[in-house]
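Worksheet for the structure shown next.
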Amino acid sequence: MLDIRLIRENTDLVKARLQSRGGDSYLRVDEILECDRQRRAAETRLQQLQGDRKRISKEIGARKGRGEDTSAVEAEVRGIGDEISRLNEEATGCDVRQRELLLQLPNLPHPGAPVGADAADNPEVRAWGSPVSLGFPAKSHIELSERLGLLDFERAARMSGSAFVAFTGDGARLERALINFLLDLQTRQHGYVEIAAPLLVRPEALVGTSQLPKFEEQLYRCERDDLYLLPTAEVPVTNLHREEILALDQLPKKYAAYTPCFRREAGSAGLGTRGLIRMHQFDKVELVQIVKPETSFEELESLTAHAEKALQLLGLHYRVIELCTGDIGFGATKTYDIEVWAPGQNAYLEVSSCSNFGDFQARRMNLRFKGEDGKNHFCHTLNGSGTALPRLFVALLETYQQPDGSIRLPEPLHAYFGAATIG
RNA sequence: GGUGAGGUGGCUGAGUGGUCGAAAGCACCGCUUUGCUAAAGCGGCAUACUCGAAAGGGUAUCGAGGGUUCAAAUCCCUCCCUCACCGCCA
């Protein structure tokens with residue numbers, strides 16, 4: 001959520017930066033400002049009247065104490081009361097409307113963000129390694145896992161529908177090995193505190209991290225209890241400290257969490273394609289940081305490096321791209337995507353998206369810290385996948401496939417998996 | 001799911017209709033005293049919004065929302081949460 005003062009005082013800047021995202025969100029700015037004007041006018045008048053009433057009511061109390069008759073004054077104040085409730089409704093109405101509008105407005109891309117229209121304009125920042133040369137035609141993870149009995153798409157679809165999968169046998173074991181490997185890496189080497197979070201969350205939590213109100217259709221909802229299945233661990237982990245005022249020495253907070261993630265993927269391209277690339281349910285290890293504003297961009301670099309480290313240890317070729325203004329997500333001010341090479345797909349797959357949200361989420365969830373000046377300030381929040389599992393699974397199988405269709409696992413996974421090869 | 005108790009400032013905790021944004025204590029921050037530590041004394045110490053160029057005002061907030069009243073921390077209703085016990089359950 002953007003600061004209404006920023007919008008009020010730097011209207012043109014805000015509009016320009018919103019406009020750089022494409023879309024028409026900048027058109028809402030004037031409506032918000034008009035709402036803000038109305039709200040403040042109503043509040044000012046309301047406060048005057050409340051002051052009047054307060055004074056007179058105290059006077060009534062004092063006079064009653066002296067045994068005087070006050071019925072005339074009481075009748076007079078009653079009239080003020082009506083006007084107060086009218087103005088109160090007006091002010092509250094404006095306030096609610098203003099918040100609704102603000103919640104719909106995306107974050108401002110940071111000033112240095114590459115300007116562009118869509119994903120085609122995202123610059124590559126760096127690459128690590130190079131595409132594996134297998135020396136034979138690469139098989140897809142679908143074919144590989146079928147031979148090895150690692151995944152069961154058909155039976156999963158029979159009971160749950162398409163875009164669900166069952167991991168079976170060594171497939172399930174590998175999935176579990178990856179989760180443990182990733183969590184251990186982030187907690188033991190990079191200082192993240194492990195969180196096992198609730199998988200069902202209230203709508204407020206989703207408003208906090210900005211999945212709601214705009215992206216309702218992407219979420220699974222349990223209507224009976226008004227709870228949502230989480231689309232990413234970002235939601236429960238960032239919201240851990242919602243409504244809190246953290247002490248300076250508690251920052252930065254660094255959390256790593258494994259959770260399944262649930263996404264309806266309504267309207268997504270590629271939902272129909274076979275394989276693990278896009279699922280309604282998938283596993284992910286997520287990194288979250290809550291930091292002081294001054295350090296958030298540095299921390300984005302370190303958080304991204306932490307995610308990259310996993311791929312490096314697994315010996316998987318990847319590239320890092322920065323999202324341009326037209327492609328960056330709703331709440332983010334700066335985002336790096338990490339894409340891993342999958343030879344069987346002949347494509348790079350997005351396995352991590354690392355974002356700095358600035359104070360955008362913190363405002364929504366009222367997450368603050370007590371600064372050195374003794375005042376409360378909004379924290380900055382960051383998160384990134386470290387990493388998404390299914391696409392990592394894909395890259396791993398396809399990169400380490402042998403001519404006979406078996407898989408030779410990279411060394412760091414041997415202990416976790418309990419063997420060096422599959423098949 | 002049932003029954004009961006309860007939610008007041010960073011913490012503890014008073015406060016059952018008016019002079020209560022809220023006693024007191026602790027914690028914290030200044031200053032004084034002091035050989036050091038400690039103690040004592042004095043003062044300060046919530047948040048948000050709003051008016052104002054500023055100085056400085058004002059309003060709201062005692063879990064949340066509604067209601068009664070000239071006036072609500074205090075009375076009424078709904079909801080949320082916490083705790084205890086019972087039932088059920090991995």
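Here the structure is a predicted model, which is why all the values come from computation and not from measurement. Chain A is the first sequence line, chain B the second, and so forth, proteins listed ahead of strands; every chain is numbered from 1. Values below: every heavy atom of this structure, side chains too, minus hydrogens, waters and symmetry copies.
Shown here is A/Glu89, whose CD atom has no more than 12 heavy atoms of other residues, nucleotides or ligands within 6.0 Å.
When atom types are taken as modelled, the side chain of A/Thr238 and the backbone of A/Val235 share no donor-acceptor pair closer than 3.5 angstrom. Panel note: side chain A/Ser355, backbone A/Ala332; no donor-acceptor pair is recorded below 3.5 Å.
Partner assigned to B/C83 is B/G4, using Watson-Crick or G-U wobble distances below 3.5 angstrom. Pairing of B/A90, defined by two Watson-Crick or G-U wobble distances under 3.5 Å, is not identified with any nucleotide. Using the Watson-Crick or G-U wobble rule with both distances under 3.5 Å, B/G41 pairs with B/C31. Using Watson-Crick or G-U wobble geometry with both donor-acceptor distances under 3.5 Å, B/U61 finds its partner in B/A46. Pair assignment for B/C70: B/G18, on the basis of Watson-Crick or G-U wobble contacts that are both within less than 3.5 Å. Of all nucleotides present, none satisfies the Watson-Crick or G-U wobble test against B/A53 with each distance under 3.5 Å.
Residue-level contact check: A/Arg63 touches neither bases nor backbone, having no heavy atom under 4.0 Å from any strand. As judged by a 4.0 angstrom heavy-atom cut-off over every strand, A/Asn376 is placed among residues touching the sugar-phosphate backbone only. Nucleic acid contact class of A/Arg99 (heavy atoms, under 4.0 Å, all strands): none.
Between A/Arg40 and B/C51 there is a side-chain polar atom (N or O) within less than 4.0 angstrom of OP1 or OP2. Here A/Arg45 does not reach the OP1 or OP2 of B/U59: none of its side-chain N or O atoms lies under 4.0 Å away. Between A/Arg5 and the phosphate of B/U50, there is a side-chain N or O to OP1/OP2 separation shorter than 4.0 Å. Residue A/Arg363 places no side-chain N or O under 4.0 Å from the OP1 or OP2 atom of B/A48.
Distance noted for atom P between B/C83 and B/C29: 33 Å (whole Å). B/U33 and B/C28 are spaced 22 Å apart, taking the P atom of each and rounding to whole Å. Straight-line distance between the C1' atoms of B/G9 and B/A48: roughly 15 Å, to the nearest whole Å. One C1' atom belongs to B/G17, the other to B/G2, and the distance between them is 35 Å to the nearest Å. A gap of 15 Å separates the P atoms of B/A24 and B/A14, to the nearest Å. For the P atoms, the distance from B/A23 to B/G43 is 15 Å, rounded to whole Å. The gap from the P atom of B/G18 to that of B/A72 amounts to 11 Å, rounded to the nearest Å. Nucleotides B/C77 and B/C11 place their P atoms 29 Å apart, quoted to the nearest Å.
Distance from the side chain of A/Ser57 is smallest for B/C70 among the nucleotides B/C49, B/C70, B/U47. Side-chain atoms of A/Lys58 lie closest to B/G21 of the nucleotides B/G21, B/U50, B/C70. Side-chain proximity of A/Arg202 to B/C70, B/U50, B/C81: nearest is B/C81.
Regarding A/Arg242, its CZ atom lies at a distance of 14 Å from the P atom of B/C81, rounded to whole Å. A straight line from NZ of A/Lys54 to P of B/G57 spans 14 Å, rounded to a whole angstrom. For the pair A/Gln50 CD and B/C51 P, the interatomic distance rounds to 15 Å; values are reported in whole Å. If you take CZ of A/Arg78 and C1' of B/A71, they are 12 Å apart, rounded to a whole angstrom. Atom CG of A/Asp226 is separated from atom P of B/C81 by 12 Å (rounded to the nearest Å). Spacing between atom CZ of A/Phe369 and atom C1' of B/A46 amounts to 18 Å, rounded to whole angstrom units. Residue A/Glu244 contributes atom CD, which lies 16 Å from atom C1' of B/G63 at whole-angstrom precision. For the pair A/Ile60 CD1 and B/A72 C1', the interatomic distance rounds to 15 Å; values are reported in whole Å.
For the pair A/Lys15 and A/Asp30, the salt-bridge criterion is met [side-chain N within less than 4.0 Å of a carboxylate O].
Proximity of the aromatic rings of A/Phe393 and A/Phe167 is defined here by a centroid distance below 6.0 angstrom, and this criterion is met.
Each of A/Gly61 and A/Glu43 lies near RNA chain B, and the nucleotide nearest A/Gly61 is the one positioned closer to the 5' end.
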Full working for salt bridge (Lys or Arg N to Asp or Glu O under 4.0 Å) between A/Arg221 and A/Asp226: CA-CA 7 Å; A/Arg221 181 176 172 204; A/Asp226 202 21; 3.0 Å; yes
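Between A/Tyr192 and A/Val288 there is no side-chain heavy-atom pair separated by less than 4.5 Å.
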